[in-house]
K.L.:
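Pasting a structure here, questions to come.
Here is the naming used below: chain letters follow the sequence lines, and residue numbers restart at 1 for every chain. Model, not experiment: these values are computed from the prediction. Basis for what follows: all heavy atoms, side chains included, without hydrogens, waters or symmetry-related copies.
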There are 2 protein chains.
Amino acid sequence: MQTTLKRRETMHRLCGKGLEIFNEKGYYNTSLDDILQELSLSKGAFYHHFKSKEDYFINIVQNLIVQKVYALLIEPLDTNENPIPVIVESLENALEPGKKNEMAYGFMLNDFLTEFNKRNEEISGYLKNIISVWEVNLVAVLKRGKVDGHIARHIDCEGAATYIIASYLGMRSLMTDSTNRQLKYQYIQQLKQYFKSISATQITA
Amino acid sequence: MQTTLKRRETMHRLCGKGLEIFNEKGYYNTSLDDILQELSLSKGAFYHHFKSKEDYFINIVQNLIVQKVYALLIEPLDTNENPIPVIVESLENALEPGKKNEMAYGFMLNDFLTEFNKRNEEISGYLKNIISVWEVNLVAVLKRGKVDGHIARHIDCEGAATYIIASYLGMRSLMTDSTNRQLKYQYIQQLKQYFKSISATQITA
DNA sequence: AAACAAACCGACTTATGGGTCGGTCAAATG
DNA sequence: CATTTGACCGACCCATAAGTCGGTTTGTTT
């Protein structure tokens with residue numbers, strides 16, 4: 001059926017452009033007209049597909065953002081290698097603004113989390129959920145690291161995961177300019193330093 | 001003159017309550033009427049003292065927030081002791097919601113930084129400036145730590161300061177509920193772990 | 001081709017919230 | 001006591017933006 005395809009395609013275009021602009025300017029600072037104008041669509045078209053701006057954004061979160069976080073931060077953890085370089089690499093990669101003018105997905109989470117934290121509990125919940133899944137996976141991979149002898153026995157994996165996530169999210173507030181290589185480099189260096197301190201092999205300082 | 005005193009007092013009340021509510025609900029999600037109603041003041045009174053909402057908030061930043069950040073995060077660094085426990089203690093303290101229903105100042109910075117990042121360059125600038133002063137002081141105290149033999153020689157102090165700040169700011173996104181002792185505990189523990197890795201005395205793992 | 005439905009249009013409604021302005025009242029000034 | 005000035009009042013103005021709705025176009029079905 002062509003009509004169903006048309007529906008999908010328009011919704012897809014709306015979500016893609018929406019994420020792009022929300023990410024750029026923030027959710028509450030972006031009007032639907034801002035997005036609609038970019039796509040040459042009307043209010044009518046929008047409300048034909050989504051029941052509200054909120055519903056629209058939830059759609060974006062549950063599809064695009066979840067998907068991207070999985071791809072960038074969670075799936076890479078699924079190996080049997082030493083988890084430490086794997087985690088470092090995934091974070092490094094997530095902070096990288098996409099190769100061909102893609103978005104810097106590494107930034108989205110902290111921005112949206114903060115924006116919705118005090119304003120919309122439902123959306124806030126979805127976002128926290130993403131973090132929570134990420135955390136669970138980090139904990140799992142760290143624990144496996146213990147078993148495999150890569151991570152020191154006495155380390156609190158839950159605490160370590162929290163700490164890793166916090167430092168990652170916090171980098172966003174410092175990196176106004178997403179292309180700041182200096183800050184990114186510093187972050188990765190210190191992260192490695194931290195990892196050395198929780199690794200099983202003694203430091204050769 | 002009594003009138004001048006009256007002026008000061010009203011402005012002071014406005015700024016205090018403003019910070020409280022902005023911190024609770026966010027700047028853009030708080031209307032002037034929200035604040036004015038709490039203080040039983042009118043629009044007229046407000047605009048008699050401040051030329052705009054923006055001007056008002058800049059006032060709050062430059063007075064109240066700057067002052068609090070200095071008191072909580074910067075001044076404590078000014079000792080000759082081993083910087084590591086000093087820094088840890090200051091962060092621990094800053095994450096603590098004030099004893100008698102004061103605000104959790106540790107949270108404000110990340111929230112406001114993110115909120116203004118894409119919306120108001122001027123306010124953004126003032127906030128980043130605060131972070132920058134903090135960073136400078138952290139770097140200084142870390143460097144002194146090297147000289148005094150508390151911190152390992154090979155450590156990049158600028159990078160370490162950045163990393164400390166990032167993890168601190170990022171905790172805010174995780175601690176929705178400012179009284180979450182579990183998360184705070186985890187954070188402090190891992191922070192100490194990190195500090196062990198940059199300290200001059202070898203780890204006794 | 002007729003009938004129907006889905007996709008889309010855009011003017012309109014409504015609520016919100018920053019900012020204005022003419023005015024009141026009380027304290028300071030002379 | 002008369003006048004001025006600073007603090008404050010609150011109705012009003014106006015821009016923005018979410019959401020509505022009656023209508024048009026386009027595609028599908030019979």
K.L.:
Looking at His49(A), I'd like to know whether one of its side-chain N or O atoms comes within less than 4.0 Å of OP1 or OP2 on dA6(C).
P.N.:
no
K.L.:
Which listed nucleotide (dC8(C), dA7(D), dG19(C)) is nearest to the side chain of Thr10(B)?
P.N.:
dA7(D)
K.L.:
Give a yes/no on whether any side-chain N or O of Arg7(A) is located under 4.0 angstrom from OP1 or OP2 of dA7(C).
P.N.:
yes
K.L.:
Answer with yes or no after comparing the ring centroid distance for Tyr28(B) and Tyr28(A) against a 6.0 Å cut-off, counting only values under it.
P.N.:
no
K.L.:
Of the candidate nucleotides dC8(C), dA7(D), dC9(D), which contains the atom at the shortest distance from the side chain of Ser42(B)?
P.N.:
dC9(D)
K.L.:
Check whether any side-chain N or O of Lys6(A) sits under 4.0 Å from OP1 or OP2 of dC8(C), and answer yes or no.
P.N.:
yes
K.L.:
Roughly how far apart are Thr162(A) OG1 and Met171(B) CE, rounded to 0.5 Å?
P.N.:
6.5 Å
K.L.:
Please pick, from dA18(D), dA7(C), dC8(D), the nucleotide with the shortest atom-to-atom distance to any side-chain atom of Ala45(B).
P.N.:
dC8(D)
K.L.:
Report the distance from atom CZ of Phe50(A) to atom C1' of dC8(C), rounded to the nearest whole Å.
P.N.:
14 Å
K.L.:
Checking contacts here: which listed nucleotide (dC9(D), dA7(C), dG19(D)) is nearest the side-chain heavy atoms of His48(A)?
P.N.:
dA7(C)
K.L.:
Answer yes when Glu81(B) and Arg144(B) have at least one side-chain N-carboxylate O distance shorter than 4.0 Å, and no when they do not.
P.N.:
no
K.L.:
Side chain of Ser31(A) only, please: which of dA17(D), dG19(D), dA7(D) is the nearest?
P.N.:
dA17(D)
K.L.:
Any donor-acceptor pair, under 3.5 Å, between the side chain of Lys43(A) and the base of dA18(D), if you only look at N and O atoms?
P.N.:
yes
K.L.:
Within this structure, what is the CG-to-P distance between Leu32(A) and dG10(C), rounded to whole angstrom?
P.N.:
16 Å
K.L.:
Any luck finding a side-chain donor-acceptor pair between Gln190(B) and Tyr194(A) under 3.5 Å?
P.N.:
yes
K.L.:
Using heavy-atom distances to pick each residue's nearest nucleotide on DNA chain D, tell me which of Gly44(A) and Thr30(A) is more 5'.
P.N.:
Thr30(A)
K.L.:
Report which part of the nucleic acid Lys53(A) touches: base, sugar-phosphate, or nothing (heavy-atom distance under 4.0 Å, all strands).
P.N.:
sugar-phosphate
K.L.:
So, for Tyr126(A) and Phe116(A), is the gap between ring centers shorter than 6.0 Å?
P.N.:
no
K.L.:
Starting at OH of Tyr28(A) and ending at P of dA15(C), how long is that distance when rounded to a whole Å?
P.N.:
20 Å
K.L.:
Provide, to the nearest angstrom, the distance between the CG atom belonging to Asp33(A) and the P atom belonging to dT20(D).
P.N.:
15 Å
